[in-house]
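Along the sequence shown, residues are numbered consecutively beginning with 1.
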Amino acid sequence: SLRTTELNNKIRMLKKLGKEETMYTWEQDFLRVIKWFANLDEFNDLDEDLMLNIVKAAWIPWTILEKLYETSDYQRKNIFSKTVLMCGNDTCMDMNNYELDLSWLTDYSLDQLTYFFTPPEANKNYLKGLEALIELNPSSIEVNYMLLQLSLQHAGKILLGSAQEATDKLQHVLADNLHKYYVETAKIPNYSIRLSKMMKINREIEREMRDRAERNRIARIFDILKVEFSDLDLIDAT
């Protein structure tokens with residue numbers, strides 16, 4: 001229900017990715033994650049501070065998978081070519097035809113920063129996940145399970161303590177719901193193969209998250225970025 005854009009010309013093709021476009025997509029992504037979590041009753045029962053901390057830690061992996069799924073859906077239906085990826089709620093980019101403006105972020109040239117700003121299509125983990133999603137063609141129930149499992153597991157590892165207990169509990173609830181869906185609705189009592197493929201996709205994204213975090217750590221050590229963030233935890237793996 002959150003996918004407000006339809007498979008038509010309403011999706012806008014970005015030709016440039018600079019400060020304005022980056023902030024626009026970040027804002028869209030974060031608000032979309034909040035709306036998604038707000039529909040989970042068990043999540044709304046948590047303390048407000050805990051809810052915010054979980055969302056702050058979970059929004060990046062959630063967004064990566066959600067955009068990956070949308071891209072796979074459009075590519076599978078031949079609406080997107082193999083080089084076009086979703087990058088916002090209503091925007092996409094042709095990775096072979098766009099301008100990247102980093103002047104607001106760093107004083108170094110793009111050539112000097114290839115390691116830190118590698119295009120998504122050049123990332124093996126990202127491509128593996130995209131190809132696997134196209135082949136798997138998951139249902140909306142399966143996608144929602146993948147989103148919750150990936151984002152909450154990532155948040156639990158970062159936050160630990162009571163937050164990890166809460167994220168583990170939420171994952172258990174959804175696992176029970178997924179089992180009920182397979183057995184009672186989809187009539188697939190032996191669903192281990194599909195579940196294994198889903199978790200393999202999530203592991204590829206987890207590897208992507210670790211790679212991003214490492215690149216960001218190195219960027220901070222060598223003072224590559226010239227901007228300061230008021231809440232570094234919010235964008236640590238972007």
Side-chain angles (χ1 to χ4, degrees), residues 1-3 29 32-33 36-37 39-43 54-55 57-80 82-86 118 120-160 163-214 237-238:
S1 64
L2 288 178
R3 295 181 64 186
D29 293 342
R32 199 175 200 188
V33 173
W36 186 84
F37 271 106
N39 284 282
L40 188 62
D41 292 338
E42 293 82 2
F43 182 77
I54 290 175
V55 170
W59 78 282
I60 295 175
W62 191 100
T63 298
I64 292 174
L65 176 56
E66 197 257 351
K67 293 296 178 288
L68 196 67
Y69 169 69
E70 283 193 322
T71 299
S72 73
D73 193 32
Y74 295 163
Q75 288 191 6
R76 184 174 51 251
K77 295 173 180 176
N78 294 319
I79 294 169
F80 282 1
K82 294 298 183 181
T83 61
V84 176
L85 308 177
M86 286 295 295
T118 304
E121 86 284 2
N123 188 285
K124 293 181 180 180
N125 298 328
Y126 191 94
L127 281 179
K128 285 181 181 178
L130 180 57
E131 293 169 356
L133 276 171
I134 293 174
E135 178 185 353
L136 182 63
N137 190 15
S139 68
S140 60
I141 297 295
E142 291 174 320
V143 172
N144 276 283
Y145 174 78
M146 293 173 67
L147 287 167
L148 195 61
Q149 190 276 335
L150 174 69
S151 59
L152 290 183
Q153 181 167 291
H154 182 75
K157 289 179 179 178
I158 293 177
L159 300 173
L160 302 177
Q164 188 171 28
E165 293 178 6
T167 56
D168 287 347
K169 182 179 179 180
L170 288 171
Q171 289 181 73
H172 181 72
V173 169
L174 203 65
D176 289 342
N177 291 340
L178 183 67
H179 173 76
K180 184 177 180 180
Y181 160 75
Y182 278 131
V183 174
E184 299 181 6
T185 303
K187 306 299 181 182
I188 309 176
N190 186 10
Y191 55 84
S192 60
I193 294 178
R194 288 194 67 82
L195 185 59
S196 176
K197 290 181 178 180
M198 290 158 57
M199 293 303 95
K200 184 177 180 179
I201 294 170
N202 279 6
R203 286 194 296 272
E204 295 296 347
I205 297 176
E206 288 172 0
R207 292 190 185 98
E208 163 71 2
M209 293 292 298
R210 290 194 293 270
D211 289 345
R212 290 184 181 208
E214 178 63 17
T238 52

Query raised in the report: With a 4.5 Å heavy-atom cut-off, do M198 and V143 have their side chains touching?
Result: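 Contact flag for M198/V143 side chains = no.
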Query raised in the report: Any side-chain heavy-atom pair from E66 and R32 closer than 4.5 angstrom?
Result: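 E66 reaches R32 side chain to side chain.
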Query raised in the report: Of the non-hydrogen atoms in P61 and M209, which two are nearest, and what is the gap between them?
Result: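 Looking at all heavy atoms of both residues, the shortest contact is CD-CE, 3.7 Å.
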Requested in this report: Over all heavy atoms of both residues, which pair between L195 and Y145 is shortest? Give the atoms and the distance, please.
Outcome: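 Looking at all heavy atoms of both residues, the shortest contact is CD1-CE2, 3.9 Å.
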Query raised in the report: Testing D168, T167, L147 for side chain to side chain contact (heavy atoms under 4.5 Å, CB included) with L152, which one passes?
Result: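 It is T167; the other options fail the test.
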Query raised in the report: Do you know which of I205, L68, N202 makes side chain to side chain contact (heavy atoms under 4.5 Å, CB included) with M146?
Result: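 When side chain to side chain contact (heavy atoms under 4.5 Å, CB included) is applied between M146 and each of I205, L68, N202, only N202 qualifies.
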Residues two or more places apart in sequence or in another chain: which of them pass side-chain contact (heavy atoms from CB on, under 4.5 Å) with [X]?
| X | answer |
| --- | --- |
| E42 | L40, L170, V173 |
| K197 | E135, L136, I193 |
| V84 | M13, F80, S81, C92, D94 |
| A132 | I201 |

Inter-residue atom distance [X].[atom1] - [Y].[atom2], 0.5 Å rounding:
| X | Y | atom1 | atom2 | result |
| --- | --- | --- | --- | --- |
| L148 | L65 | CG | CG | 11.0 Å |
| N144 | L178 | CG | CG | 10.5 Å |
| Y181 | S140 | OH | OG | 7.0 Å |
| E208 | I60 | CD | CD1 | 11.0 Å |
| I134 | K82 | CD1 | NZ | 4.0 Å |
| K77 | S72 | NZ | OG | 9.5 Å |

Partner set under side chain to side chain donor-acceptor pair (under 3.5 Å) for [X], not counting sequence neighbours:
| X | answer |
| --- | --- |
| Q153 | Q149, E206 |
| Y182 | E142 |
| S192 | N190 |

Query - Sequence-distant partners of H172, ring pair (Phe, Tyr, Trp, His ring centres under 6.0 Å), two or more places apart - result: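 Ring pair (Phe, Tyr, Trp, His ring centres under 6.0 Å) list for H172, sorted by chain: empty.
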Requested in this report: Only counting residues at least two apart or in another chain, list the ones meeting ring pair (Phe, Tyr, Trp, His ring centres under 6.0 Å) with F37.
Outcome: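 Here the qualifying residues are F43.
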Requested in this report: Please assess W59 against H154 for the test side chain to side chain contact (heavy atoms under 4.5 Å, CB included), listing each intermediate value before the final yes or no.
Outcome: CA-CA 10 Å; W59 78 282; H154 182 75; over 6 Å; no
Query raised in the report: Of all residues at least two apart in sequence or in a different chain, which pass the salt bridge (charged side-chain N to carboxylate O under 4.0 Å, His left out) check with R76?
Result: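 Testing R76 for salt bridge (charged side-chain N to carboxylate O under 4.0 Å, His left out), a comparison that skips the adjacent residues, returns D73.
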Query raised in the report: Tell me, which pairs form a salt bridge (charged side-chain N to carboxylate O under 4.0 Å, His left out) where one or both residues lie in residues 177-190, sequence neighbours left out?
Result: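 Found none.
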